Amino acid sequence: MAKYLIKNATIVNEGLQQQADVYINEQRIEKIGQNLSVNGAVEINAEGLHLLPGFIDDQVHFREPGLTHKAEIYTEARAAVAGGITSFMEMPNTVPNTLTQELLAQKYAIGAKRSLANYSFFMGASNDNLEEVLKTDITNVCGIKVFMGSSTGNMLVDNEQTLEGIFKNAPMLVATHCEDEATIRHNLQVFKEKYGDNLTPEMHPLIRSEEACYLSSSFAVGLAKKYNTRLHILHISTGKETFLFDNQTPLKDKRITAEACIHHLWFSDADYQTKGNWIKWNPAVKTAADRDQVLTAVLDNHIDVVATDHAPHTIEEKSQPYSKAPSGGPLVQHAFNALFELYHQGKISLEKIVEKTSHSLATCFQIKDRGFVREGYFADLVLVDLQSSYKVERDNVLSKCGWSPFEGQTFNSQITHTFVSGHLAYNKGVFDESVLGQRLSFER
């Protein structure tokens with residue numbers, strides 16, 4: 001593997017910015033300092049560029065196995081790397097659902113052969129696989145995923161005894177999708193009685209309502225407090241939910257943490273008028289007030305991490321009427337740039353972006369030797385030009401589905417280089433797939 005010397009970068013790391021050189025050798029950061037010189041190293045002039053630890057995305061749906069007409073680990077990992085995401089954690093609602101240790105091992109085998117980014121896969125929980133869940137290896141699996149709300153898969157865990165068993169006995173982090181199924185079904189019935197088949201995307205946040213989210217999230221928090229579970233609630237979409245979480249305890253000591261996603265920080269219900277099903281997600285994009293409160297919670301540490309919930313569907317699937325169109329969309333390629341756009345708008349600092357997309361992920365999941373620009377750590381690094389703009393158009397979307405909810409948006413930043421475990425995997429639009437990503441390991 002080549003040695004690299006990144007010269008004159010503005011490093012954003014651990015709350016500070018400093019101009020320095022970074023020497024990468026044998027997958028890791030060997031030296032950070034001024035005026036470094038290394039014989040035989042490939043030099044990269046990073047003057048005017050910012051060097052960040054790579055985005056660690058704790059929630060993606062890459063659709064393999066079983067749904068590869070929408071996406072594959074290969075295509076989506078490439079899109080992620082182009083977007084500055086160096087590591088991902090993938091969800092179990094593939095086909096078949098990842099509900100046994102054997103099926104989980106099969107996904108890791110695919111990742112080892114196909115992923116340009118570093119990878120981990122969640123073990124899935126159902127109403128009847130608690131014994132399998134409890135076999136999960138805490139040192140090399142990111143967590144256990146529980147759908148407390150059916151979302152788009154068939155993995156709804158609604159058996160109270162099973163939930164109690166998971167929360168009481170889980171040996172590791174439990175990540176939950178929280179929407180109350182009974183509330184959603186009731187709301188849907190009310191809307192169907194009133195509008196028949198003429199439901200529209202604007203109704204989505206009223207059907208999958210604030211109350212549906214809060215009921216489920218507060219129930220999960222209550223269970224976690226009862227059993228001292230290591231709980232991580234995914235994609236918080238309402239302002240009301242943000243107050244369920246503590247921002248006084250240091251992250252390393254928290255037993256209950258929360259995640260915000262890019263779409264809930266960017267879009268609001270006003271956007272359904274123009275975007276329609278293209279911004280149909282579960283949980284739903286809610287009001288502008290919810291969006292602003294979720295961002296506030298990211299800034300004040302009620303919410304600990306930012307992720308994508310990248311979940312592609314085909315153009316044909318999303319073009320169906322609201323009732324038939326699936327929820328989810330591709331986000332890994334543009335998530336970092338959307339956050340940089342919020343930086344340009346004065347809404348968030350670069351230091352806070354790095355904290356919420358990298359440092360806090362590493363701390364939250366106890367990831368070994370990643371998530372920081374530190375000597376001895378894996379060189380998962382991103383160079384970004386904050387003064388270079390580009391417009392998102394369908395022909396420059398890299399996800400297999402071939403579309404983006406950001407189409408038409410001009411971003412005022414671009415990722416120029418992405419290093420994955422010391423390998424320059426992406427360089428100004430060109431991929432080098434000669435070295436693949438690594439399986440994440442965890443210090444638990």
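Note that the numbering runs from 1 along the sequence shown for the chain. Side-chain atoms are counted along with the backbone in the values below, which use heavy atoms only and exclude waters and symmetry mates. Remember, it's a predicted structure, so these values are computed and weren't measured experimentally.
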Worksheet item: Cut-off 3.5 Å, side chains only: do Arg208 and Asn282 have a donor facing an acceptor?
Response: yes

Worksheet item: Going by distance alone, is a donor N or O of one side chain under 3.5 Å from an acceptor N or O of the other, for Thr136 and Gln101?
Response: yes

Practice prompt. Using distance alone, with no hydrogens and no angle criterion, decide if His302 and Asp246 have a side-chain donor and acceptor under 3.5 Å apart.
Written response: no

Fill in: Carboxylate-amine/guanidinium proximity below 4.0 Å for Glu72 and Arg63
no

Worksheet item: Pairs in or reaching into residues 362-376: which pass salt bridge (charged side-chain N to carboxylate O under 4.0 Å, His left out), with residues at least two apart or in two chains?
Response: Glu14-Arg374, Arg28-Asp369, Lys368-Glu443, Arg370-Asp380

Worksheet item: Between the side chains of Thr257 and Asp304, is a donor N or O closer than 3.5 angstrom to an acceptor N or O?
Response: no

Worksheet item: Any chance the rings of Phe336 and Phe55 have centres within less than 6.0 Å?
Response: yes

Worksheet item: Which atom pair, heavy atoms only, marks the closest approach of Thr308 to Val60?
Response: OG1-CG1, 3.8 Å

Discussion item. Tell me whether Glu160 at atom CD has more than 12 heavy atoms from other residues, nucleotides or ligands lying less than 6.0 Å away.
Written reply: no

Item to complete: Consider only side-chain N and O atoms of His61 and Glu90, and report whether a donor and an acceptor are under 3.5 Å apart.
Response: no

Practice prompt. Take Tyr390 and Gln409 through the test side chain to side chain contact (heavy atoms under 4.5 Å, CB included) and record every step on the way to the result.
Written response: CA-CA 8 Å; Tyr390 81 102; Gln409 174 70 42; over 6 Å; no

Practice prompt. Just say parallel, tilted or perpendicular for the rings of Phe62 and Phe88, cut-offs at 30° and 60°.
Written response: tilted

Worksheet item: Is there a donor-acceptor contact under 3.5 Å linking the side chains of Tyr74 and Glu433?
Response: yes

Worksheet item: Among side-chain atoms of His313 and Lys318, is any donor-acceptor pair under 3.5 angstrom?
Response: no

Discussion item. Measuring from atom OH of Tyr4 to atom CD1 of Ile44, what distance do you get when rounded to the nearest 0.5 angstrom?
Written reply: 6.5 Å

Worksheet item: Would Asp385 and Ser413 count as having a side-chain donor-acceptor pair, cut-off 3.5 Å?
Response: no

Item to complete: Assign the ring pair Trp266 / Phe406 to parallel, tilted or perpendicular, where the plane angle (0 to 90°) is split at 30° and 60°.
Response: perpendicular

Discussion item. Just by distance, no angles: are the side chains of His417 and Asn427 close enough, under 3.5 Å, to form a donor-acceptor pair?
Written reply: yes

Fill in: Working for side chain to side chain contact (heavy atoms under 4.5 Å, CB included), residues His423 and Phe419
CA-CA 5 Å; His423 169 62; Phe419 288 87; over 6 Å; no

Discussion item. Hydrogens and angles aside, do Ser120 and Tyr108 bring a side-chain donor and acceptor to less than 3.5 Å of each other?
Written reply: yes

Worksheet item: Does the pair Lys3/Glu26 count as a salt bridge with the N-to-O cut at 4.0 Å?
Response: no

Worksheet, complete the sentence: Contacts of Gln161 meeting side-chain contact (heavy atoms from CB on, under 4.5 Å) (sequence neighbours excluded), chain-then-number -> Asn159

Fill in: Separation between CE of Met172 and CZ of Arg444, rounded to the nearest 0.5 Å
4.5 Å

Worksheet item: So Glu317 and His69, side chain to side chain contact (heavy atoms under 4.5 Å, CB included) or not? Walk me through it.
Response: CA-CA 11 Å; Glu317 288 167 334; His69 67 288; 3.0 Å; yes

Worksheet item: Using a distance-only test with no angle check, is there a side-chain donor-acceptor pair under 3.5 angstrom linking Asp180 and Ser216?
Response: no

